[in-house]
Student: 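Mind having a look at this structure? Questions to follow.
Remember, it's a predicted structure, so these values are computed and weren't measured experimentally. Atoms considered below: every heavy atom in the structure, side chains included; atoms not considered: hydrogens, waters and symmetry mates.
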Amino acid sequence: MPITTKVSLVRQAPGTYETATVELDDPRQGEVTVKLAASGLCHSDDHVATGDVPVAVYPYVGGHEGAGVVTAVGPNTPGYEVGDHVVFSFLPACGKCEFCAQGLSNLCDLGASLLTGARADDPASFRMTENGNPVGQQCGISTFAEYTTASVDSVVKIGKDIPLKAAALVGCGVPTGWGSAVNSANIKPGATVIVMGIGGIGANALQGAAHAGAKTIIAVDPVQFKRDKAKVFGATHAFATIEEAADFARSLTNGQGADATIVTIGVVQGDHVGQALASIRKAGTVVLTGLGNITEAGAPIALGDLTLMQKRLQGSLFGESNPRRDIPNLLRMYQAGQLKLDELITTEYRLDEVAQAYEDMHAGRNIRGLVVFD
């Protein structure tokens, strides 16, 4: 029988997260129910609340970065059992579609269902309801919930010796930022790198750039607290503006500019892309990872600069990460002391404090806020 669970949801956009109780389906074949231990507070869920990322149905339960313990397994679902510790991947990976077969599981065809709020294989079916009415699930998982039911395509088993609060962060922010540097920017040893925006994604782009061997890693953020924290995650220098950072990069490179600039600003606008492109050298790369209003188009790019300087503008979804490979790998690095996860957590919140958490994020008080459950 379905159970009830406490969640944090938005009822409209623009809107504010509020606490509610919804009915949660038992798991079907290929699904599990999970008791959440922790959930990261990613800017993407705020984009849903502001309307920058439109979704198909309201109410809509947020959260797409979390970890917990399996409490129920659907029938004929081998490989999972009650008591398993799992991390949710906000991008499902079926392992069968054309993109998964190419090793591009972050572009799995199941991603087309992420903002519908419904089951990917049954668009008329919702795992969460309120008084019999459909309630959407963010990315098919909704980790702003005491319990959630999701497809095993969105679940990665992890060792029971790994702290679940730290593990929650590798479901989105860590691989997105890390991969933006290591995979999308393809940073080489000795490189000069700029990271624009030092939040939950940007901090991990700094870590990725440092791991890849960059010599000069320049953080850009208008908030002093974030510039100070950037040094913890690998930044060698920090500036309040991209203009200052670009000038500094050129001073180190005979006037050329950075090898790569990674845009991880919380609300990206077209001007940011133009500024990033102007900051890189010939044959340099701009990686665009942050989101703004996804329905808006246009950026002030000098087309001649793009062509004649042979620059590259690269989008990055989930840092081009493979959840089943990279989530366990990043956790192994954490266990070996090669990746900072605990240091990312600025403030812990309860589920009924999600709205306050996003106020704190807007005020620049957090690198990563974390919802913790009993």
Student: Show every ring pair (Phe, Tyr, Trp, His ring centres under 6.0 Å) that has at least one partner inside residues 284-320, sequence neighbours left out.
Tutor: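 The answer is F90-F318.
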Student: Determine whether L41 and M361 make a side-chain contact, defined as any pair of heavy atoms from C-beta on separated by less than 4.5 Å.
Tutor: no
Student: Give a yes or no on this: more than 12 heavy atoms of other residues, nucleotides or ligands lie within 6.0 Å of atom CD of Q338.
Tutor: yes
Student: Which pairs would a plain distance check flag for residues 250-257, meaning a side-chain donor or acceptor within less than 3.5 Å of a matching protein atom at least two apart in sequence or in another chain?
Tutor:
unit_1 : atom_1 : unit_2 : atom_2 : d
R250   : NH1    : A278   : O      : 3.4
R250   : NH2    : D247   : OD1    : 2.8
S251   : OG     : F248   : O      : 2.6
T253   : OG1    : A249   : O      : 2.8
T253   : OG1    : Q256   : N      : 3.4
T253   : OG1    : G257   : N      : 2.9
T253   : OG1    : G257   : O      : 3.4

Student: Measure from the side-chain N and O atoms of T261 to the backbone N and O of V286, and report whether any donor-acceptor pair falls under 3.5 Å.
Tutor: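 Checked: no pair found.
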Student: Nearest 0.5 Å, please: how far is OG1 in T285 from CD1 in I187?
Tutor: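 One finds 9.5 Å between CD1 of I187 and OG1 of T285.
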Student: List the atom pairs, with distances to 0.1 Å, where a side-chain N or O of residues 60-76 and a protein N or O form a donor-acceptor pair under 3.5 Å, not counting sequence neighbours.
Tutor:
unit_1 : atom_1 : unit_2 : atom_2 : d
Y60    : OH     : L114   : O      : 3.4
Y60    : OH     : Q138   : OE1    : 2.9
H64    : ND1    : D45    : OD1    : 3.3
H64    : ND1    : D45    : OD2    : 3.0
E65    : OE1    : G173   : N      : 2.7
E65    : OE1    : R368   : NH2    : 2.9
E65    : OE2    : R368   : NE     : 3.2
T71    : OG1    : T33    : O      : 3.4

Student: Strictly by salt bridge (charged side-chain N to carboxylate O under 4.0 Å, His left out), give each pair with a member in residues 102-124 just once, sequence neighbours left out.
Tutor: D25-R119, R28-D122, E31-R119
Student: Which value, rounded to the nearest 0.5 Å, describes the distance between N322 atom CG and L107 atom CG?
Tutor: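 So the CG of N322 and the CG of L107 are separated by 11.0 Å.
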Student: Output yes when a side-chain donor or acceptor of T346 lies under 3.5 Å from a complementary backbone atom of I367, and no otherwise.
Tutor: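 Confirmed, T346 side chain pairs with I367 backbone.
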Student: Find the distance between CD1 (I217) and NZ (K215) and round it off to the nearest 0.5 Å.
Tutor: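 Going from the CD1 atom of I217 to the NZ atom of K215 covers 12.0 Å.
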Student: Can you list everything that forms a side chain to side chain contact (heavy atoms under 4.5 Å, CB included) with D305? Sequence neighbours excluded, please.
Tutor: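 Once residues adjacent in sequence are excluded, the partners of D305 under the side chain to side chain contact (heavy atoms under 4.5 Å, CB included) criterion are L277, A302, M309, K311.
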Student: Is any side-chain heavy atom of F144 closer than 4.5 Å to one of L9?
Tutor: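 The answer is no; the side chains never approach within 4.5 Å.
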Student: Scan for salt bridge (charged side-chain N to carboxylate O under 4.0 Å, His left out) pairs involving residues 84-102, sequence neighbours excluded, and state none if there are none.
Tutor: D84-K157
Student: Can you name the residues that form a salt bridge (charged side-chain N to carboxylate O under 4.0 Å, His left out) with D360, not counting sequence neighbours?
Tutor: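 Partners of D360 by the salt bridge (charged side-chain N to carboxylate O under 4.0 Å, His left out) criterion, ordered by chain and then number, come out as R365.
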Student: What residue pairs, at least two apart or across chains, pass salt bridge (charged side-chain N to carboxylate O under 4.0 Å, His left out) with a residue in residues 269-293?
Tutor: D259-R281
Student: In chain order, what residues pass the ring pair (Phe, Tyr, Trp, His ring centres under 6.0 Å) check against H47, with sequence neighbours excluded?
Tutor: H43
Student: For atom CD of E18, is the number of surrounding heavy atoms from other residues, nucleotides or ligands below 6.0 Å larger than 12?
Tutor: yes
Student: Measuring only between side-chain heavy atoms, which start at C-beta, is I345 closer than 4.5 Å to L169?
Tutor: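 Yes, at least one pair of side-chain atoms sits under 4.5 Å.
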Student: Can you tell me if N186 and Q314 form a side-chain donor-acceptor pair at under 3.5 Å?
Tutor: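 No, because no side-chain N or O of N186 sits under 3.5 Å from a partner of the opposite role on Q314.
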Student: Roughly how far, to the nearest 0.5 Å, is the CG atom of L206 from the CZ atom of F233?
Tutor: 8.5 Å
Student: Same cluster or not: V232 versus F225, using hydrophobic residues (I, L, V, M, F, W, Y) connected whenever any side-chain heavy atoms lie under 4.5 Å apart?
Tutor: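 V232 clusters together with F225.
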Student: Minimum heavy-atom separation for T264 and G202, please, with both atom names.
Tutor: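 Smallest heavy-atom distance, with atoms named: OG1-CA, 3.3 Å.
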Student: Rounded to the nearest 0.5 Å, how far does OG1 of T21 lie from CD of E146?
Tutor: 8.0 Å
Student: With a 4.5 Å limit on heavy-atom distance, are the side chains of D52 and L291 in contact?
Tutor: no
Student: Do S39 and F373 touch side chain to side chain, with heavy atoms closer than 4.5 Å?
Tutor: yes
Student: Does the side chain of F126 reach to within under 4.5 Å of the side chain of V57, using non-hydrogen atoms?
Tutor: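 F126 vs V57: side chains touch.
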Student: Could you tell me whether a side-chain N or O of R127 sits under 3.5 Å from a main-chain N or O of G140, the two making a donor and an acceptor?
Tutor: yes
Student: Is any side-chain heavy atom of K6 closer than 4.5 Å to a side-chain heavy atom of T19?
Tutor: yes
Student: Please list all pairs meeting ring pair (Phe, Tyr, Trp, His ring centres under 6.0 Å) that have one or both residues in residues 177-202, counting only residues at least two apart or in different chains.
Tutor: W178-H211
Student: Sorted by first residue and then second, give each salt bridge (charged side-chain N to carboxylate O under 4.0 Å, His left out) pair with at least one member in residues 339-359; sequence neighbours left out.
Tutor: K165-E348, R350-D374
Student: Between Q275 and A246, is there a donor-acceptor pair closer than 3.5 Å when you use the side chain of the first and the backbone of the second?
Tutor: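 Between the backbone of A246 and the side chain of Q275 there is no qualifying donor-acceptor contact (under 3.5 Å).
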Student: Assess, by modelled atom type and distance only, whether the side chains of E130 and N133 contain a donor and an acceptor separated by less than 3.5 Å.
Tutor: no
Student: Cluster partners of V267, using ILVMFWY side-chain heavy atoms under 4.5 angstrom, listed by chain and number?
Tutor: none
Student: Would you check if S321 and N106 make a side-chain contact, meaning some heavy-atom pair closer than 4.5 Å?
Tutor: no
